[in-house]
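The chain is numbered in sequence order, starting from 1. For ligands, and for the atoms within them, numbers begin at 1 and follow the listed sequence. The shown structure was predicted, so the numbers you read here are calculated from the model rather than taken from an experiment. Hydrogens, waters and symmetry mates play no part in the numbers below; they use all other heavy atoms, side chains included.
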Amino acid sequence: MMSKSFHPMVRTLMGPGPADVHPRVLAAMARPTIGHLDPQFVALMDDIKALLRYALRTDNLLTMPVSGPGSVGMETCFVNLVEPGDKAVVCINGVFGGRMKENIERAGGIPIVVADTWGRAVDPNKVDETLRAHPDAKVLAFVHAETSTGACSDVRTLVEIAHRHDTLTIVDAVTALGGSELQVDAWGVDAVYAGSQKCLSCTPGLAPISFNDRALDRVRGRRTRIQSWFMDLNLVMGYWGSGERRSYHHTAPVNALYGLHEALLMLHEEGIEQAWARHRHHHAALRAGLEALGLELIVPESERLPQLNVVGIPGGIDDLAVRQRLLNEYQLEIGAGLGELAGKVWRIGLMGYSCRPVNLLLCISALGAVLRDLGHPGDVAGAIAATHQALAA
Ligand SMILES: *Cc1c(COP(=O)(O)O)cnc(C)c1O
């Protein structure tokens, strides 16, 4: 038993999420809890939905945060949109595409896999061929920003292909939202889910989702009942839907939603295009520093995410030893490789509030110093200078 209050040592979070949470968000979460059907809270819910529509670039009425982590957002999309026996094409170019496949299977669907190399974008030509070979596929599912590999896929093109084959799209935007351009309406994305703890600078535990009318029609026209009571959107909408009258479905995480509201408000104050630009700008500075240290990003330049940088670990350097020293000596967290990339790469996140100069400079100088200590040749002072220079550009 812990006999006293928990006070974690402050860390700088530059892994694959959670990212640093903005102090304004933490302060908002400490405000008094009110009832989840209190008229004040209902007004806050409406504002959260409006701010989410802004962030997602959509007018979709069904736009709201699901109570649960990004994985619950993922599952909500699949249990509502995939019925037993439905064929669903799923693109796997990293860990999260693999999870989508599992969701399809568990919803009783039949996954048709389009496999791509880890560290590369989803290949639109393969998707087109696959949809041609399976004209009865009901869904195309893919990840916009693959956090396990640092690759960004072309949402606009993939959605266009799906619609040519009259297939509905489910897009994972957990790491994308707030960090990479995403235009839900202009690109025609049918169903999308995201997460609070990556580029939104919020705490983990909430999953924004948005469904357009096509996707909602699919939910309403189902032959079978949705197997999950908690995630059945027909029921959830009774609480999150429009109008004054809300019926109890589950107790919303009231204070967590104060935090999400504050985070979305900050994104609105900054401007969504400016947030995308900030991620690109800091990414360029991080890259300059990493390259000066002799490190390489594994994703080809045109397919790279700005908010998640996957760096090859130099030969002879022990992955865990470096990450432990960064954590213990500099209170800096970076991510390990996942799946096939375990032990081969580090994942350096520049997400949301973590995407700022002070984090970049700490990362380059601390990583540079630890690597130099372990015998890796690299010009630490030159790397810091290169980072400053790119930041000033
Ligand atoms: C983090 C992440 C998830 C899962 O989100 P959790 O909040 O950890 O459940 C899903 N997809 C992608 C691309 C992610 O980066």
Per-residue contact class, E146 against ligand 1 - non-hydrogen pairs under 4.0 Å |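 No part of E146 is near ligand 1 at this cut-off.
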Which part of S148 is near ligand 1, with near meaning a heavy atom under 4.0 Å away: side chain, backbone, both or neither?
->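 Under 4.0 Å from ligand 1, S148 contributes no heavy atoms.
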As an exercise, identify every atom of ligand 1 less than 4.0 angstrom from a heavy atom of [X].
X: Q197; answer: 6 (P), 7 (O), 8 (O)
X: D172; answer: 10 (C), 11 (N), 12 (C), 13 (C)
X: T175; answer: 15 (O)
X: A145; answer: 13 (C)
X: S71; answer: 4 (C), 5 (O), 6 (P), 9 (O)
X: T147; answer: 12 (C), 13 (C), 14 (C), 15 (O)

In the protein, which heavy atom is nearest to atom 10 (C) of ligand 1, and how far is it?
->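 Scanning the protein heavy atoms, the shortest distance from atom 10 (C) of ligand 1 goes to F96 CD2, 3.3 Å.
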Write out the residue and atom name of the closest protein heavy atom to atom 14 (C) of ligand 1, then the distance separating them to 0.1 Å.
->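 Residue, atom and distance for the closest contact: K198 NZ, 3.1 Å.
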Does [atom1] belonging to [X] count more than 12 external heavy atoms closer than 6.0 Å?
X: R106; atom1: CZ; answer: no
X: Q389; atom1: CD; answer: no
X: R214; atom1: CZ; answer: yes

Polar contact flag for [X] and ligand 1 (N/O pairs, less than 3.5 Å):
X: Y193; answer: no
X: G70; answer: yes
X: R99; answer: no

Knowing that exactly one of T167, D86, D166 qualifies, which makes a side chain to side chain donor-acceptor pair (under 3.5 Å) with K138?
->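 Only one of T167, D86, D166 forms a side chain to side chain donor-acceptor pair (under 3.5 Å) with K138, namely D86.
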Only one of V345, L341, L308 passes side-chain contact (heavy atoms from CB on, under 4.5 Å) with T149; say which it is.
->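 The residue from V345, L341, L308 that satisfies side-chain contact (heavy atoms from CB on, under 4.5 Å) with T149 turns out to be L341.
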Determine the interplanar angle of the H36 and Y239 rings, folded into 0 to 90°, and report it as parallel if under 30°, tilted if 30 to 60°, perpendicular if over 60°.
->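 Taking Y239 first and then H36, their aromatic rings sit tilted (interplane angle of 30° to 60°).
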Under the ring-ring contact (aromatic ring centres under 6.0 Å, His included) criterion, do W276 and H281 qualify, and how do the steps go?
-> CA-CA 9 Å; W276 299 333; H281 182 64; over 10 Å; no
Donor + acceptor pair across side chains of S180, Q307 (<3.5 Å) |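 Yes, because at least one side-chain N or O of S180 sits under 3.5 Å from a partner of the opposite role on Q307.
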Evaluate the criterion side chain to side chain donor-acceptor pair (under 3.5 Å) for residue pair D190 and H163; output intermediate values, then yes/no.
-> CA-CA 10 Å; D190 298 294; H163 288 176; 2.7 Å; yes
Any H144 heavy atom less than 4.0 Å from ligand 1 |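 H144: no contact with ligand 1 (<4.0 Å).
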